[in-house]
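Below, read A as the first sequence line, B as the second, and so on, with proteins coming before strands; counting in each chain starts at 1.
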Amino acid sequence: MRVFQRFRLIPYVLVMLSMITLAIPAVIGGLALAQTATETPPAATAPAPAAAPPAGAPPAAAPAPPPKLDTGDTAWVLTSAALVLAMTAPGLALFYGGMVREKNALGTIMQSFIILCLISVQWVLWGYSLSFGPDHGNIIGGLEWFGLNDVAMDKADTAGYAPTVPHQAFMIFQAMFAVITVALITGAFAERMKFSSFLVFSLLWATFIYDPLAHWVWGVGGWIRNLGALDFAGGTVVHISSGVSALACALVLGKRRGYGKEHMAPHNLPMTVLGASMLWFGWFGFNAGSALGAGPLATSAFVVTNTATAAAALAWMVAEWIYRGKPTVLGAASGAVAGLVAITPASGFVGPMSSIAIGVGAGVFCYTAVIVKSRLGYDDSLDAFGVHGIGGTWGALATGLFASKAINSAGADGLFFGNPGQVWIQFLAVLASWALAFFGTLVILKIVDWTMGLRVSDEEEQIGLDLSQHEERAYSKN
Amino acid sequence: MRVFQRFRLIPYVLVMLSMITLAIPAVIGGLALAQTATETPPAATAPAPAAAPPAGAPPAAAPAPPPKLDTGDTAWVLTSAALVLAMTAPGLALFYGGMVREKNALGTIMQSFIILCLISVQWVLWGYSLSFGPDHGNIIGGLEWFGLNDVAMDKADTAGYAPTVPHQAFMIFQAMFAVITVALITGAFAERMKFSSFLVFSLLWATFIYDPLAHWVWGVGGWIRNLGALDFAGGTVVHISSGVSALACALVLGKRRGYGKEHMAPHNLPMTVLGASMLWFGWFGFNAGSALGAGPLATSAFVVTNTATAAAALAWMVAEWIYRGKPTVLGAASGAVAGLVAITPASGFVGPMSSIAIGVGAGVFCYTAVIVKSRLGYDDSLDAFGVHGIGGTWGALATGLFASKAINSAGADGLFFGNPGQVWIQFLAVLASWALAFFGTLVILKIVDWTMGLRVSDEEEQIGLDLSQHEERAYSKN
Amino acid sequence: MRVFQRFRLIPYVLVMLSMITLAIPAVIGGLALAQTATETPPAATAPAPAAAPPAGAPPAAAPAPPPKLDTGDTAWVLTSAALVLAMTAPGLALFYGGMVREKNALGTIMQSFIILCLISVQWVLWGYSLSFGPDHGNIIGGLEWFGLNDVAMDKADTAGYAPTVPHQAFMIFQAMFAVITVALITGAFAERMKFSSFLVFSLLWATFIYDPLAHWVWGVGGWIRNLGALDFAGGTVVHISSGVSALACALVLGKRRGYGKEHMAPHNLPMTVLGASMLWFGWFGFNAGSALGAGPLATSAFVVTNTATAAAALAWMVAEWIYRGKPTVLGAASGAVAGLVAITPASGFVGPMSSIAIGVGAGVFCYTAVIVKSRLGYDDSLDAFGVHGIGGTWGALATGLFASKAINSAGADGLFFGNPGQVWIQFLAVLASWALAFFGTLVILKIVDWTMGLRVSDEEEQIGLDLSQHEERAYSKN
Amino acid sequence: MKKIEAIIKPFKLEEVKDALTEVGIYGMTVTEVRGYGRQKGQKESYRGAEYTVEFVPKTKIEVVIADNLVEKVVETILRTAKTGSIGDGKIFVTVLGDAVRIRTGETGERAL
Amino acid sequence: MKKIEAIIKPFKLEEVKDALTEVGIYGMTVTEVRGYGRQKGQKESYRGAEYTVEFVPKTKIEVVIADNLVEKVVETILRTAKTGSIGDGKIFVTVLGDAVRIRTGETGERAL
Amino acid sequence: MKKIEAIIKPFKLEEVKDALTEVGIYGMTVTEVRGYGRQKGQKESYRGAEYTVEFVPKTKIEVVIADNLVEKVVETILRTAKTGSIGDGKIFVTVLGDAVRIRTGETGERAL
Ligand SMILES: Nc1ncnc2c1ncn2[C@@H]1O[C@H](COP(=O)(O)OP(=O)(O)O)[C@@H](O)[C@H]1O
Ligand SMILES: Nc1ncnc2c1ncn2[C@@H]1O[C@H](COP(=O)(O)OP(=O)(O)O)[C@@H](O)[C@H]1O
Ligand SMILES: Nc1ncnc2c1ncn2[C@@H]1O[C@H](COP(=O)(O)OP(=O)(O)O)[C@@H](O)[C@H]1O
């Protein structure tokens, strides 16, 4: 395996290995714990973090009549789904597209755009069913909802995910999550992956990593959900999974030709800032939309999302200013994305002051990760791991620190609100996500590598993805 | 007429001629049919495809009290209106702007932008009234609502278009439709039309083609509506009308200087992908907003819109991969737009699996149209006809195939759901739209040509629209 | 003071001086008037212009039970907050970024982006409290709401700003207003201000100019609000304040090196049009969102916003066509922004026909301002004063002309609807805003100038802000 | 050997290139340049500001040829690059010391 | 005839052009180039990566003139392009074989 | 003095520059050009339209050197710019009349 041929990566690999040894008992222990949890009557104590009832409702005491579809909630969830779409395209497409060299601009933009197409179809066909369909062994949803079979357009889902909006609205909102998660990984292998292999890899990854993990954490019956881990909008499911998989990709694919020697400055930073801005804009749908209704919880998630993001951008900028001597625009934009990542799992559980702390942490930690990367020598082209892996991990753990039932009675208190146990639960969830993402991705990559090869040829890399993979040029002079 | 001097276009012209011969009886027959239809008591059987009641409501049995304004529905319609605005600018402006040569970038962007301004005012003054105002002879709305006279801000319209939102909300939502329809045509005459003539043409076209056609299909009393033709969000009104008019423009204006010889590669494809992404994003307002409320019907329209679009992008890409050897980014983006176009008329009547079929058809048919164009030799610069004309026609017919009352009880069943008659009705609607758009546009073009001329001079075309029409340069180095 | 060394500016300065002499009694008189106003029982006659109750509600006659949180209203306010965010980034960032020279593109974009971050945090900490917190002497809010203390996520505010949405939703919506106001000023000193000084200036400006002014006009107890001045979405608070401060900045910082000699054409006008389009799109949130609910008032604000904008773009374009001989794209985009600015204060009080008049006025007046600027010789680089100062002033006065209680019963009638007194009240509000903005900004600028200096060095200006302030290049070739 | 440098109107490039290929010239190097001369620039206008960019876009073709081809090449360029209006450009001829083909190391006329 | 090539700092272009016009030179051709020399490039920094681009933007002016003008032109460029700091650039003088005006076919000094 | 012009593949620039620096050449000027020759262009395809751009991106290096360095410089470029595949480019050598350093007014070889 090419990974192990790089001596400078050995420490890294050791860290990974130790994580596995930790992960295996964690998964087993977690499953055990989860089993126990499910035995207790669900209505009383089972935490339902992601599927928190629209927070305007009183903490359900007496069995109430089933809530009706609500136009306001539906409007908000549909709006949110559209916003999350805008995160992938144009958001991520441009954020990443601006950071690569001109000869790979289109190829990189295409990766986000075509993932949007590919996973949209995969999700409708089997992805949604595997993720949120009827539970099988706490591990995976069944294929009962294949092709949206039984996914009603005019009734809320029966599992209780989103009681006041049509089931299909919840489904399409979740579709956008699956889409962006897969697209985030592309930052790691930018500028060198074969287009056909990339398509196959993405389809396999969505099916064998994303769908199970979404089920573990959010699906009714999922073992991590049963553990009581909190992940409001996808710190583990979206960001750790994509970020850690990105690390695996960077390690397996190896560096770009000329990495560290050639000039690889971003070809269009205004495009990147535009992308970051669209990410910020769309992320309100991502986080506040995860309240699945237009009430207090959505409002609170909206506020902390904005605040953490702003704080993280400032923190990254200041860290850079101190460490390097100049505040950079790419730094501010990256910091904003890091903040968005970190607040994601916490957004339904923490208040505004906590969100500032989470944001500042995100800015500083992710900037550090990016600096450290250039020491360690692996080539995570666009820092998908540095921002999403590290930011997601920090966010998931920080949720265990800052969560408060005063914000969301359906959540839990974190360490700073008197419940140290939540940190441990969060840690287990993080560990399991890391393990699944890293090893699952390794396996998929190896399979694709053996069957079709992962990288473009040296000459193709030289010419760039735009001409070699697509026979197009991003910018033409006439 | 310049059209007939092109021998290679003769087959095309013949097709057109045969369509007319078909169209005339169709219009007459249709009118007859429509008359009959209106005689039956409207509450019981008159189809109200576009003005389907918010689908959460039970199929109206007993006369219910008039619905009240609903904040959720209003929020959704206003959000949708904003989204549809974003389709024209920046969406279409950039989608088209990226595809032209650098010297015409601004001129092309301007065409979309200024149409937004021009038609916004036209609509408020007389456009809305002509389209949706009190019916006159099943052909046109009256001027009773000139200047929004009687168009209330605080009550729903009295005609029943949108019972739960303020009348002005429905009006402004529809304004955005009129805007984008006119803007779509600009793809056909990009890079060569005189700016002043273009403004006059657009104003005439909106008034004499769009407004009547909107009335025919959507206006209470309109003869195509009375026929029972289904057009949820504008397959005939928006896409056939703009696409077929685009063909007329391409034929009358003739080719760009150097077409087929000079290098005319898109000057900025990332801009085009950005535009396509904004179109996709905004189209949720277009289609799901056409439910005119935030309920099941909006949800379903949202889901099929996304799914068809994704499928169409994949289909175009695969078709190109097979036929040309490489999947292109412009292909994927074009496919997405084709899918959006094709699902538009069907979006309130079909389920997710049907939408995949419609999407795949759109990708393949529109790609074929684009390939065929380069054989036929007319210069539809940005394929406004190939994508909107063909895609819209396919969508309108496909609605007759895949529509199902299970999705929308206020709609109708299509061929595959046991009602072959619907295909015929759809066909009549398509024919009438083609005929009005093609011949109406010919007449307007001829009038403008005789009075002010259509094309810029050769030298101006050489210099480009940006400098010759606007004395500006898109990109300046200092 | 550098200002007075410029002889050609003397007339300008005289105008300013005479405004002060007018302003001082105005403020005093206004305060007196306001005191009187507050003595009358607030429920009966106190105008509540900005905090108009959701307009669906009947003009409150009998004391009604407090309204409940409404999901539709909340969905709309959250959506609107997201839309207003998009106005600053990417909207304004690109609108301005495209207009500068390439070497300053990133630096200019950064100014909008980092303001979004900085003021988001400032607002949550003390800005909101100073603006909307419990009134102190009709002049300023207290620090009672520091850090969002007492700003509930699950209840409406107790002051009555937005009775049907969570207090935090109103807070975050207002946050976006504070953000964009500060960002608008950057147009005046583009291409020459030191980044560190700019940050300090912005923080001081937000705290000492924006927050008090917002309180005066919108805060319960604010003296201009008590006067009965109408400012629906921020003609005085946002546009006059930023525009007039921009003028002060342009005068104090002085011209760019080479102004009037070197070629300073916009480096990327498609970027500017994209920015203008995003501004238009987001402005629906700004104006229609200011209704703080999804009902008739939001609908009406939405309609007049779109109509005035379109009319203004056409007016600017035609004015330019007549005066210069060519319609320009930058002109149309600038006209649209001018229209958006001018309709802002009026958007909740005027009907569609009035909005056309306001728009046409905005286009013509702002174009004139821009032409006049090049005569007067001060260097307001991107016409922040010409568009926002002049447009905002026109809009605020026009509100006094065109306002009608038929549109908003909680508002007032204007001159053309029989109440000439409203013009005077509007004039006082304008005067007070001009005075606070101009002199407050002068003071802040002088303090920053003495302590850290305002401008980059000549050499840094030569190299450009991107490299000198951020060590980055907007566009790299590899 | 001679080096022919021709400054021409950009849109004439294809035509000139094709003509040169016809007379047996298979190599050339092209640069985007800006020219200042009798031809006036285009007026531009941005809000209050008006500019006339005095430099107009031109294309420079460099062809290195054997001495005996100079006349033919100059004549070919003259014929194809000419529109007759101001700004058609110039042809400059320089003596060249030597030429080397990097791929093979061949020198002199064999390198062309 | 001589060809003067001057590599100068880009922001000096207008000044040099105006000065040349004053001494009676009405034609020139300008190219954006990148120079490598004693002048150091600008530091750039993108997240973890730092670069110093060793090539700095320069502008090349080419003027073809009659032999007797060489001194005046060189002196004019020297005077106007000079800032005194490193990187001001170079002037190179080459002998030119011939010049032709494409529009008219005129050759030699009449072509300029 | 001689002027060496080398048309090379763009991605070879760094290598050539480094090698030249090693043999003591501290100044050069670089231009982005497009080359036409034996090397074929890249196919491009946009919807219905296909293009083969016959001009390929090349980089032109200009170095002015003392006569005695010509051989060394040509050899260095030959060695470092060569990939062995078609399109590696050319080296052209011209005699230079004079050189002036703008900053100091030095002329001749001292100006380099
Ligand atoms: N003396 C000169 N030296 C170098 N280039 C020149 C000179 N004179 C003209 N040119 C180039 O030739 C181009 C055409 O020259 P111009 O005077 O505009 O028209 P014409 O060649 O038809 O007389 C200019 O744009 C410039 O690039
Ligand atoms: N030997 C050379 N051949 C070609 N161009 C050169 C040479 N030396 C310098 N130049 C050009 O002159 C520019 C200025 O040279 P530099 O050494 O930086 O400063 P100075 O001319 O002030 O000594 C360089 O950027 C390069 O473009
Ligand atoms: N006669 C020529 N005059 C000027 N430049 C030339 C000439 N022939 C070739 N070139 C330049 O050299 C480059 C390489 O030439 P090409 O024929 O493709 O390959 P090779 O040099 O390997 O034979 C061309 O792209 C062109 O820029």
Side-chain angles (χ1 to χ4, degrees), chain B residues 69-76 78-79 81-83 85-86 88-91 93-94 97-98 105-107 109-110 113-114 116-121 124-125 147-148 151-155 165-169 171-172 175 195-196 268 271 274 294 466 469-478, chain C residues 54-56 70-73 75-76 79 83 101-103 164 262-270 273-274 276-278 280-282 284-285 288 293-300 302-303 306-307 309-314 317 324-330 332-333 335-336 351-353 356 407:
Chain B
L69 296 190
D70 180 285
T71 57
D73 290 344
T74 304
W76 179 240
L78 292 183
T79 301
L83 286 172
L85 174 124
T88 304
L94 300 183
L106 273 183
I109 288 172
M110 179 66 158
F113 191 83
I114 208 70
L116 168 57
C117 303
L118 190 68
I119 305 302
S120 283
V121 174
V124 161
L125 290 179
L148 302 191
V151 178
M153 66 177 264
D154 55 357
K155 282 192 292 286
V165 307
H167 191 178
Q168 283 196 4
M171 181 283 301
I172 198 72
F195 184 69
S196 53
N268 192 330
M271 183 187 280
L274 167 55
D466 296 9
Q469 304 298 294
H470 308 294
E471 284 186 353
E472 288 165 298
R473 218 178 269 282
Y475 312 99
S476 293
K477 285 267 179 193
N478 302 96
Chain C
D70 180 285
T71 57
D73 290 343
W76 178 241
T79 301
L83 287 171
R101 287 166 292 173
E102 192 176 311
K103 63 183 178 182
T164 61
E262 280 175 34
H263 193 239
M264 293 185 171
H267 91 286
N268 192 329
L269 278 180
V273 179
L274 167 55
S277 304
M278 292 304 293
W280 191 333
F281 174 61
F284 290 128
L297 190 57
T299 299
S300 173
F302 194 111
V303 169
N306 194 65
T307 308
T309 305
L314 294 173
M317 183 185 79
R324 276 271 159 80
K326 293 273 180 188
T328 72
V329 180
L330 180 57
M353 291 306 106
I356 293 183
I407 302 294

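Minimum interatomic distance between A310(C) and C117(B) (heavy atoms only, all atoms of both residues): CB-O, 3.2 Å. For the pair M278(C) and P90(B), the tightest heavy-atom approach, listed with the atom from each and the gap, is SD-CG, 3.9 Å.
Using a 4.5 Å cut-off between heavy atoms, A336(C) contacts chain B through its side chain alone, with no backbone atom that close. Both the backbone and the side chain of Y475(B) come within contact range of chain C, judged by heavy atoms closer than 4.5 Å. For a residue to count as touching a neighbouring chain, one of its non-hydrogen atoms must lie under 4.5 Å from one of that chain's; by this rule A265(C) touches chain B with backbone and side chain alike. Heavy atoms closer than 4.5 Å to chain C are found nowhere in A93(B), neither backbone nor side chain. Interface residue A81(B): backbone and side-chain heavy atoms are both found under 4.5 Å from chain C. In this structure, chain B has a heavy atom under 4.5 Å from the side chain of P352(C), while its backbone stays farther away. Residue N268(C) touches chain B through both its backbone and its side chain, counting heavy-atom pairs closer than 4.5 Å. Contact annotation for E472(B): only side-chain heavy atoms (C-beta onward) come within less than 4.5 Å of a heavy atom of chain C. In this structure, the portions of F281(C) lying under 4.5 Å from any heavy atom of chain B include both its backbone and its side chain.
The candidate from I356(C), N306(C), T309(C), T299(C) with the greatest count of non-hydrogen atom pairs under 4.5 Å with chain B is T299(C). Looking only at heavy-atom pairs under 4.5 Å with chain C, the residue among V151(B), T74(B), T88(B) that has the most is T74(B). Comparing V121(B), I114(B), V124(B), L106(B) by heavy-atom pairs within less than 4.5 Å of chain C, the highest count is held by L106(B). Per-residue counts of heavy-atom pairs under 4.5 Å with chain C were compared for R473(B), Q168(B), Q469(B); the largest is that of Q168(B). Of all the listed residues (K103(C), E262(C), H263(C)), the one sharing the greatest number of non-hydrogen pairs under 4.5 Å with chain B is H263(C). In terms of heavy-atom pairs under 4.5 angstrom with chain C, the leader among L116(B), L69(B), V165(B) is L116(B). Contact tally against chain C (heavy-atom pairs below 4.5 Å) for A82(B), A86(B), G72(B): the top residue is A82(B). Residue with the most contacts toward chain B among P266(C), A312(C), P270(C): P270(C) (heavy-atom pairs, distance under 4.5 Å). With chain C as the partner, the residue from D466(B), L274(B), I109(B) showing the most heavy-atom pairs under 4.5 Å is I109(B).
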Decide side-chain contact (heavy atoms from CB on, under 4.5 Å) for M110(B) and L330(C); before the verdict, give the C-alpha distance in whole Å, the side-chain angles of both, and the deciding distance to 0.1 Å. CA-CA 9 Å; M110(B) 179 66 158; L330(C) 180 57; over 6 Å; no
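With values rounded to the nearest 0.5 angstrom, M317(C) atom CE is found 4.5 Å from F195(B) atom CZ. How far CH2 of W76(C) is from OG1 of T71(B): 12.5 Å, rounded to the nearest 0.5 Å. In this structure, the separation between CG on L314(C) and CG on L118(B) is 6.0 Å, given to the nearest 0.5 Å. Rounded to the nearest 0.5 Å, atoms OG (S277(C)) and CG (L85(B)) are 8.0 Å apart. Taken from CG in L83(C) to OG1 in T79(B), the straight-line distance is 7.0 Å, to the nearest 0.5 Å.
Looking at T307(C) and S120(B), their side chains never come closer than 4.5 Å, going by heavy atoms from C-beta outward. For the pair M171(B)/V303(C), a side-chain contact is recorded, criterion being any heavy-atom separation below 4.5 Å from C-beta on.
Looking at residues two or more places apart in sequence or on another chain, you find no side chain to side chain donor-acceptor pair (under 3.5 Å) involving H470(B). Every residue two or more places apart in sequence or in another chain that forms a side chain to side chain donor-acceptor pair (under 3.5 Å) with E102(C) is listed here: K477(B).
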